[in-house]
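When a residue number appears, it is its place in the shown sequence, counting from 1. Every number for a ligand or one of its atoms is a count from 1 in the order of the listing.
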Amino acid sequence: MPRERLVSPELISKEEELFNRSLRPPTLEEYIGQKKVVEKLSIALQAAKQRGEPLEHALFYGPPGLGKTTLAYIIANVMGSKITTSSGPALERTGDMMGILTNLGQGDILFIDEIHRLPANIEEFLYPAMEDFKVDFVVDKGMFAKTINVPLKKFTLIGATTRAGSLSAPLRNRFGLFYHLEFYGVEELRQIILRSARILGAGIDDAGATEIARRARGTPRIANRLLRRVRDFADVKAKGRINAEIARDALKLEGVDDLGLDDLDRSFLTTIIKIYNGGPVGVEALSATLNEEVDTLVDMVEPFLLQQGFISRTKTGRKANEPAYRHLKFPAPGPPSRTLFE
Ligand code: ADE
């Protein structure tokens with residue numbers, strides 16, 4: 001069971017999903033950040049509407065928590081169409097897929113999250129559905145087996161993935177629109193936090209929003225989660241008013257530091273620096289020392305530290321970089337010690 005972290009970019013509960021739903025912007029005009037994506041998508045939507053056609057199949061890719069699902073819901077809202085949602089690992093049987101596809105109306109949206117995790121048989125089943133709006137369904141078995149050809153309504157498939165690279169080429173080629181989501185800047189996150197606070201009726205000033213934004217790791221989902229924790233703290237300690245000091249104190253109590261690192265991030269860096277002399281060190285050794293699963297370290301800890309330049313991945317293992325020393329207030333690493341033979 002992976003551990004739950006306040007700064008994880010993944011959804012941590014069903015409850016959080018419902019909470020986030022209430023904060024989702026309903027239109028592109030209300031969507032903050034991802035300027036390029038919003039501009040391109042806005043044109044594609046307008047063009048499709050002018051022609052009275054469904055939107056082409058669209059693929060959103062990028063790290064978790066940046067708004068892929070939100071954009072799918074905005075598309076459905078703008079196109080005035082029904083949206084059905086599923087995810088790669090949940091779609092196991094062609095029969096289920098068949099049911100979903102035949103229930104889609106003209107212009108409806110099928111959203112598949114984690115589309116890189118679709119089983120191969122389902123993926124192949126999707127090809128003719130995406131390309132020619134039909135499915136070939138095999139009924140009966142053995143010598144009685146026959147393929148029936150079922151026509152579908154013209155729908156739009158929206159796929160979301162954290163790894164565009166692990167999508168097969170035939171699937172990727174069947175999308176017409178590609179949108180890459182990037183990490184948000186502090187200013188954009190500040191605006192998102194102010195907007196969410198307004199919807200929640202939480203009192204917050206600009207400086208308070210900035211303190212939360214700086215710790216949100218470029219990710220709106222984390223920003224909204226931190227806002228909730230800070231709001232609880234402010235309700236108890238400060239009559240519900242969030243300012244910079246309250247935000248800092250609340251997140252310090254939660255173990256989230258100035259740059260959004262938590263205890264696990266800091267233990268990871270400290271272990272490389274103090275126990276392994278700054279590295280390089282293999283992830284298995286780190287896993288044993290920290291008593292954390294290798295997968296947890298690779299999937300949940302390293303991506304942000306790599307993205308921030310705190311660590312590098314080399315052929316011989318993980319290395320801590322200068323910003324990690326500086327942030328944790330360790331003396332900067334010296335040059336490697338010379339040997340007698342140099
Ligand atoms: N809530 C979460 N992400 C958002 C975004 N990009 N714009 C507005 N509100 C959001």
CZ on Phe60 to CG on Leu71, rounded to 0.5 Å: 4.5 Å
Salt bridge between Arg229 and Asp232, side-chain N to carboxylate O under 4.0 Å? yes
Please set out all donor-acceptor pairs under 3.5 angstrom arising from side-chain atoms of residues 47-59, sequence neighbours excluded.
from: Lys49; atom 1: NZ; to: Val78; atom 2: O; distance (Å): 3.0
from: His57; atom 1: ND1; to: Leu157; atom 2: N; distance (Å): 2.8
from: His57; atom 1: NE2; to: Met130; atom 2: O; distance (Å): 2.9

At less than 4.0 angstrom from any atom of ligand 1, which residues have a non-hydrogen atom? List them by chain and residue number. Pro25, Glu30, Tyr31, Ile32, Tyr184, Ile192, Arg195, Pro220, Asn224
Sequence neighbours excluded, which residues qualify as side chain to side chain contact (heavy atoms under 4.5 Å, CB included) partners of Arg313? Val298, Glu302, Leu306, Arg318
Please tabulate, for the side chains in residues 206-223, all donor-acceptor contacts under 3.5 angstrom to protein atoms that are two or more places apart in sequence or on a different chain.
from: Asp206; atom 1: OD1; to: Arg190; atom 2: NH1; distance (Å): 3.1
from: Asp206; atom 1: OD2; to: Arg190; atom 2: NH1; distance (Å): 3.4
from: Thr210; atom 1: OG1; to: Asp206; atom 2: O; distance (Å): 2.9
from: Glu211; atom 1: OE1; to: Arg215; atom 2: NH1; distance (Å): 2.9
from: Glu211; atom 1: OE1; to: Arg215; atom 2: NH2; distance (Å): 3.4
from: Glu211; atom 1: OE2; to: Arg214; atom 2: NH1; distance (Å): 3.0
from: Arg215; atom 1: NH1; to: Glu211; atom 2: O; distance (Å): 2.8
from: Arg215; atom 1: NH2; to: Asp258; atom 2: OD1; distance (Å): 3.3
from: Arg217; atom 1: NH1; to: Gly260; atom 2: O; distance (Å): 2.7
from: Arg217; atom 1: NH1; to: Asp265; atom 2: OD2; distance (Å): 2.8
from: Thr219; atom 1: OG1; to: Arg217; atom 2: O; distance (Å): 2.8
from: Arg221; atom 1: NH1; to: Pro9; atom 2: O; distance (Å): 2.6

Donor on one side chain, acceptor on other, Thr316 and Thr314, under 3.5 Å: yes
